[in-house]
Amino acid sequence: MSTIGTASFVSSRRILLWSGIAVLCAWVLVPIYLIALGAFGGRSAVYLWPKTGLPTGLSFEPFLLFLRTEGVLGSFLNSLGAAAITVALSLLLGAPAGYALARYNFHGKDSFRLMVLLTRAFPLAILALPLTVSFIRLGLYDTVTGVGLVHTVLALPFAVLVTQGIFLGVPRELEEAAWVFGCSRIQAFFKIVAPLALPGIAATAVFAFVISWNEVFAASVLTVRNRTLTAYLLTVLAESPMHYRFAGGLMLILPSVVFIFAVRRYLFAIWGISSK
């Protein structure tokens with residue numbers, strides 16, 4: 001192949017790559033942008049047609065009015081609390097289990113891995129009544145802690161399997177070298193394995209956060225007064241004006257975006273991308 005042909009091929013691949021990136025960004029960002037227009041533009045922006053795509057006549061007042069609605073701020077804090085519990089427990093329980101599956105051979109290992117997967121085979125609707133009765137007896141019904149525990153059960157299987165793959169990617173020889181130089185197993189884990197696995201652990205945390213933040217069924221069944229944001233909006237927005245629905249949708253999106261942005265450097269490190 002000639003030099004000109006090679007350069008043309010490379011240029012075509014680069015154009016195709018950037019075109020794909022542009023389409024993917026538009027696929028993700030355009031809906032968020034339109035939701036923001038509806039949330040900040042009020043009733044007039046929601047029903048404006050044809051859509052100009054330009055932010056005209058926007059104001060924070062419609063969104064602030066939504067935030068001042070009774071129950072919104074409390075449900076938002078409840079969602080954050082449940083998501084924090086889910087992320088913490090998923091990592092504290094899932095990471096050690098994933099490390100054990102990656103590093104040790106023990107009887108029933110494959111069965112344990114299968115049982116972890118089978119925990120997601122039961123629809124949550126089937127478990128709703130037993131969970132409700134059990135939570136009432138334990139005093140966890142209508143509490144953020146109860147919702148966080150259920151969300152942890154939903155996120156934990158993925159945390160175990162994802163962290164297993166992460167720890168398999170860390171060479172065992174690095175740990176063995178740390179042992180030779182006097183580190184205990186725990187010291188070798190925190191000094192060698194954990195820093196190398198941190199990007200994957202951050203991705204696991206993002207996944208657990210999103211599962212908890214978006215979950216609505218368990219939060220609706222197990223709460224009455226202390227509802228999470230998704231459960232609250234499910235019951236309230238059906239009778240609300242359209243611009244209130246856009247404000248609610250934007251409020252559901254923003255925390256996930258902020259959380260992902262906060263851990264972006266660890267996510268980018270998975271692909272070797274530097275982020276300052």
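Just so you know, these numbers use all the heavy atoms, side chains as well, and skip hydrogens, waters and symmetry mates.
Across Pro255 and Phe76, no two heavy atoms sit closer than the pair CG-CE1, 3.6 Å. Residues Leu91 and Ala205 come closest through the heavy atom pair CD1-CB, 4.0 Å. Gly98 and Phe167 make their closest contact through C-CD1, 3.8 Å (heavy atoms, listed as atom of the first residue, atom of the second, distance). Taking both residues in full, the closest heavy atoms of Ala208 and Thr86 are given as O-CG2, 3.8 Å, listed atom of the first, atom of the second, then distance.
Legend: salt bridge (charged side-chain N to carboxylate O under 4.0 Å, His left out) pairs involving residues 81-106, not counting sequence neighbours, sorted by first then second residue: Arg103-Glu175. Listed by first and then second residue, the salt bridge (charged side-chain N to carboxylate O under 4.0 Å, His left out) pairs that reach into residues 150-165 come to none, sequence neighbours excluded. The salt bridge (charged side-chain N to carboxylate O under 4.0 Å, His left out) contacts involving residues 221-233 comprise Asp142-Arg225, where partners must be two or more places apart or lie in separate chains. Pairs engaging residues 85-94 under the salt bridge (charged side-chain N to carboxylate O under 4.0 Å, His left out) rule: none recorded [sequence neighbours left out].
Residues Leu229 and Ile32 are members of one and the same hydrophobic cluster, defined by side-chain heavy-atom contacts under 4.5 angstrom among Ile, Leu, Val, Met, Phe, Trp and Tyr. Linking ILVMFWY side-chain heavy atoms closer than 4.5 Å, directly or via other members, places Leu252 and Phe209 in a single hydrophobic cluster. Tyr104 and Ile186 fall within the same hydrophobic cluster, where Ile, Leu, Val, Met, Phe, Trp and Tyr residues are linked whenever their side-chain heavy atoms come under 4.5 Å apart, directly or through other members. Leu174 and Tyr99 fall within the same hydrophobic cluster, where Ile, Leu, Val, Met, Phe, Trp and Tyr residues are linked whenever their side-chain heavy atoms come under 4.5 Å apart, directly or through other members.
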CA sep, side-chain torsions, deciding dist, call: Tyr141, Thr132, side chain to side chain contact (heavy atoms under 4.5 Å, CB included): CA-CA 7 Å; Tyr141 186 77; Thr132 302; 3.7 Å; yes
message: For a side chain to side chain contact (heavy atoms under 4.5 Å, CB included) check, start with the C-alpha distance between Phe135 and Leu222, then their side-chain angles and the critical distance, and finish with the verdict.
response: CA-CA 8 Å; Phe135 275 31; Leu222 299 176; 4.0 Å; yes
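For the pairing with Asn214, the side-chain contact (heavy atoms from CB on, under 4.5 Å) check across Ile211, Val216, Val210 returns one residue only, Val210.
Qualifying ring-ring contact (aromatic ring centres under 6.0 Å, His included) partners for Phe217, counting only residues two or more places apart in sequence or in other chains: none. Taking the side chain to side chain donor-acceptor pair (under 3.5 Å) definition, one finds that Thr228 meets it with Thr230, sequence neighbours left out. Contacts of Tyr232 classified as ring-ring contact (aromatic ring centres under 6.0 Å, His included), with partners at least two apart in sequence or in another chain: none. With sequence neighbours excluded, the residues forming a side-chain contact (heavy atoms from CB on, under 4.5 Å) with Leu101 are Phe106, Lys109, Phe112, Val160, Gln164, listed by chain and number. Under the rule for a side-chain contact (heavy atoms from CB on, under 4.5 Å), the partners of Leu254 that lie at least two apart in sequence or sit in another chain are Leu250.
For the pair Met251 and Leu233, the minimum side-chain heavy-atom distance is 4.5 Å or more.
A distance of 10.5 Å separates CG of Leu131 from CG of Leu138, quoted to the nearest 0.5 Å. One distance of note links CZ of Phe181 with CD of Glu176; it measures 13.0 Å at 0.5 Å rounding. Of the inter-residue distances, the one linking Ser75 atom OG with Leu80 atom CG reads 10.0 Å to the nearest 0.5 angstrom. The distance from the CD1 atom of Ile166 to the CG atom of Leu161 is 11.0 Å, given to the nearest 0.5 Å.
At distances below 3.5 Å, not a single donor-acceptor pair connects side-chain atoms of Trp213 with backbone N or O atoms of Ser79.
Ile21 belongs to a hydrophobic cluster whose remaining members, ordered by chain and number, are Leu17, Trp18; membership requires side-chain heavy atoms of ILVMFWY residues under 4.5 Å apart, directly or through intermediates.
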Below 3.5 Å, can you tabulate the donor-acceptor pairs from side chains in residues 143-152 to any protein atom, sequence neighbours excluded?
unit_1	atom_1	unit_2	atom_2	d
Thr143	OG1	Leu140	O	2.5
Thr143	OG1	Gly146	N	3.1
His151	ND1	Ser212	OG	2.9
His151	NE2	Glu215	OE1	2.8
Thr152	OG1	Gly148	O	2.7

Mind listing the side-chain donor-acceptor pairs of residues 187-199 below 3.5 Å, one per line with the distance, residues two or more places apart or on another chain?
unit_1	atom_1	unit_2	atom_2	d
Gln187	OE1	Ser184	N	3.0

